Structure formats: C-alpha cells, structure tokens
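Treat the numbers as computed from the prediction; the structure is a model and nothing was measured. We name chains A, B, ... by the order of the sequence lines, and we start the count at 1 in each one. Below, all heavy atoms of this structure are taken into account, side chains as well, without hydrogens, waters or symmetry copies.
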Number of protein chains: 2
Amino acid sequence: MAKIPMPGEPVRGSRSGSPIMALFDLLGRRWSMGVLWTLSEQGPLTFRALQNACETISPNVLNARLKELGEAGFVAHEAGGYRVTELGDEIYQALLPLSSASKVWARTLKENLDV
Amino acid sequence: MAKIPMPGEPVRGSRSGSPIMALFDLLGRRWSMGVLWTLSEQGPLTFRALQNACETISPNVLNARLKELGEAGFVAHEAGGYRVTELGDEIYQALLPLSSASKVWARTLKENLDV
DNA sequence: GCGAATGCTACTTTTTCGGTAGCATCATGA
DNA sequence: TCATGATGCTACCGAAAAAGTAGCATTCGC
C-alpha cells in the first residue's frame, strides 16, 4: 500500500498534520496535480488513456499516484475507467484559480522578456 | 542556476508548455507549495527562520526551492529576508481555496472513520 | 576582537522517478 | 478456438532528487 500523508498525522511542513500541509505533501509529488487535473477535465479515462493524456508519464508513477489519490479518496476506479470522486472534484475546483494565476505568470514572464 | 519549468517550454504534462502544467511542474516539487505558503503567511523571513518555520526541511532543499521560486519571480531576497513578490502573492491567493478544500478533506476522512 | 546569527555548501545515504520491456487477463471475432 | 487487441499493470535498472548531518565563510552587535 502506498503510504500517504493524512491530516492529523505528521507530514512535511507540519508535525501536527495541519490539513493544508498534508494536502501539500500529497499534491506536491511529481504528476500528482497533473493527474488529478487531467482526470477532472477529461475523465473518466482508462489507465492507458490517462497515461496518453499525460503525454510523458511512466506507468510506475501513474500507478503510484492513482493509488495515493485513491487512498485519499480523490479518485476511484470503476467500470469505465478512473474518475474523480466528489471529494476529488472539490480539490479540482480549488485548483482552478491556479489556472488564471498561471496565465498571469506567463504574461509577466513574457513582458519581462520584451522589456 | 536552477532549471525551472516555464510556460511555453516543454514541461511535465504538456510538451507545448501550457501555463497550468508549467506551474504544476514547478509547484509539484517537494516543499515548493509549503515554502511559498509559509513565506506568504509569515514572511519576510530569514533563511534560518524559514527553515525553522518549515519544521523539517533540509537546507539543501530549501535553498533549491528558493532559487527556483526566485527565478520564477515568486520570491525575492532583500535586506530583511526572503519575501514573496507581487506575483508570488498572486499564486498564494490562488492557493487559498486549497486550504478550505483541505479542511473538507480532513472532515470527510474523520467522518469515514467514525462511521 | 568575540560570539551569535545568517546563508549557505559538502557529503553520504535513502527515496523517488524515468524509461523501457513485457506479462496476465479479458473481450472480440474470424 | 485461437489469434488479436485493449487493459492494467509489474519488473528492472540507471539517474535524479531529497533527507540528514556537519560545518564553513561572512556579517553584525557589542
């Protein structure tokens, strides 16, 4: 079983396991947010389809992330493929503002090059 | 120099470098969001103070993250210590909803244990 | 000039990730 | 019925990242 950070348990950034730090610990792994994002936008997807949608992820890592996200209750594997749960959608919704922020970032970088 | 993902460049999850995937690539590294979060809430902080606030981060990783976040334009090092920039604050604001979501997550996990 | 604080770097061990190959299972269908 | 293809992985190995600890060089305030 994948050992995943949980609120209330010691995690990176908080020995007392504050929820936000536990979430950062979980999402702050390679591909974690990318997988959740892709699955939210394009799911449900089969393992192979998800692997394809992520473009360059290796099956090992994809499997590891799916187990972790599954154990956290963010994704589920049913007939038809992997899908985000209601709770997973909650996280996805919370990630949406990052998308706008990322565009501000991209624009800022671009402007700095132009100047 | 730390090599960081940039929108427009190939990144994990997007060969064409979509901003959100570039941001996920950058923030999806251990401690990345934790450092930005801590600095936003408690900054400005000296290197040592930041290291302390993060509780268990090693100086190597802290230094690496600071360089990356600095190169991305999210944090700056001035007299008085490290601080988030205006752009960094933009990202921090976008992370705020994750805090509420993490609490929903914690509550859900707790309920499932009780049941 | 001395001690404390600051901002690291060096080094070693452990963990994680990347990249490729391939296997077991199941449904189709000629 | 026995290939054919899709699915969901696991195995293996080398490379990269992170953990954990020690300690050094440079201010800064006496």
message = Among residues at least two apart in sequence or on other chains, which ones pass side-chain hydrogen bond (donor to acceptor under 3.5 Å, both in side chains) with B:Trp31?
response = none
request  = Hey, which sits more toward the 5' end of DNA chain D by its nearest nucleotide, B:Gln51 or B:Arg65?
outcome  = B:Arg65
task = Given side chain to side chain contact (heavy atoms under 4.5 Å, CB included), test A:Glu68 with A:Glu71 step by step and report yes or no.
result = CA-CA 5 Å; A:Glu68 291 161 10; A:Glu71 205 169 332; 5.8 Å; no
task = Scan for salt bridge (Lys or Arg N to Asp or Glu O under 4.0 Å) pairs involving residues 79-100 of chain A, sequence neighbours excluded, and state none if there are none.
result = A:Glu78-A:Arg83
Which residues share a side-chain contact (heavy atoms from CB on, under 4.5 Å) with B:Thr108, sequence neighbours left out = A:Leu87, B:Val104, B:Asn112
message = Which residues in residues 6-31 of chain B have a heavy atom closer than 4.0 Å to any atom of DNA chain C?
response = B:Arg12, B:Arg30
task = For side chain to side chain contact (heavy atoms under 4.5 Å, CB included), just list the numbers for B:Leu69 and B:Leu39, CA-CA rounded to whole Å, side-chain angles, deciding distance to a tenth of an Å, and then say yes or no.
result = CA-CA 11 Å; B:Leu69 293 172; B:Leu39 209 51; over 6 Å; no
Interface polar pairs with nucleotides 2-6 of chain C, N/O, under 3.5 angstrom:
none

request  = Measure from CG on B:Asn63 to P on C:dC11 and round the result to the nearest Å.
outcome  = 16 Å
key: CD1 on B:Ile91 to CG on B:Leu96, rounded to 0.5 Å   = 11.5 Å
message = Working note: B:Met33 + B:Leu95, criterion side chain to side chain contact (heavy atoms under 4.5 Å, CB included); need CA distance, chi angles, decisive distance, verdict.
response = CA-CA 9 Å; B:Met33 289 186 287; B:Leu95 286 177; 4.1 Å; yes
query = Is the shortest heavy-atom distance from the side chain of B:Val75 to the side chain of B:Val35 under 4.5 Å?
reply = no
Counterpart residues, side-chain contact (heavy atoms from CB on, under 4.5 Å), relative to A:Ser100 (two or more places apart) = none
ask   = Just how far, in rounded Å, is P of C:dT16 from CG of A:Leu62?
value = 17 Å
Side-chain donor-acceptor distances from residues 4-17 of chain B under 3.5 Å, at least two apart:
{"residue": "B:Arg12", "atom": "NE", "partner": "B:Asp25", "partner atom": "OD1", "Å": "3.1"}
{"residue": "B:Arg12", "atom": "NH2", "partner": "B:Asp25", "partner atom": "OD1", "Å": "3.2"}
{"residue": "B:Ser14", "atom": "OG", "partner": "B:Ser16", "partner atom": "N", "Å": "3.4"}
{"residue": "B:Ser14", "atom": "OG", "partner": "B:Ser16", "partner atom": "OG", "Å": "3.3"}
{"residue": "B:Ser14", "atom": "OG", "partner": "B:Gly17", "partner atom": "N", "Å": "3.0"}
{"residue": "B:Ser14", "atom": "OG", "partner": "B:Ser18", "partner atom": "N", "Å": "3.0"}
{"residue": "B:Arg15", "atom": "NH2", "partner": "A:Glu55", "partner atom": "O", "Å": "3.1"}

Donor-acceptor pairs are to be reported for all side-chain atoms of residues 41-53 of chain A against protein atoms at under 3.5 Å, with residues two or more places apart or in another chain.
{"residue": "A:Glu41", "atom": "OE1", "partner": "A:Trp37", "partner atom": "NE1", "Å": "3.4"}
{"residue": "A:Glu41", "atom": "OE2", "partner": "A:Tyr92", "partner atom": "OH", "Å": "2.8"}
{"residue": "A:Thr46", "atom": "OG1", "partner": "A:Ala49", "partner atom": "N", "Å": "3.0"}

Nucleotide interval of DNA chain D bounded by contacts with chain B (heavy-atom cut-off, under 4.0 Å) = D:dA18 to D:dA22
query = For B:Trp105, what residues pass the ring-ring contact (aromatic ring centres under 6.0 Å, His included) criterion, not counting sequence neighbours?
reply = A:Phe74
query = Considering only heavy atoms, which members of residues 52-60 of chain B lie under 4.0 Å from some atom of DNA chain C?
reply = B:Pro59, B:Asn60
message = Taking salt bridge (Lys or Arg N to Asp or Glu O under 4.0 Å) as the cut-off, I'd like each qualifying pair that reaches into residues 98-109 of chain A, sequence neighbours left out, listed once.
response = none
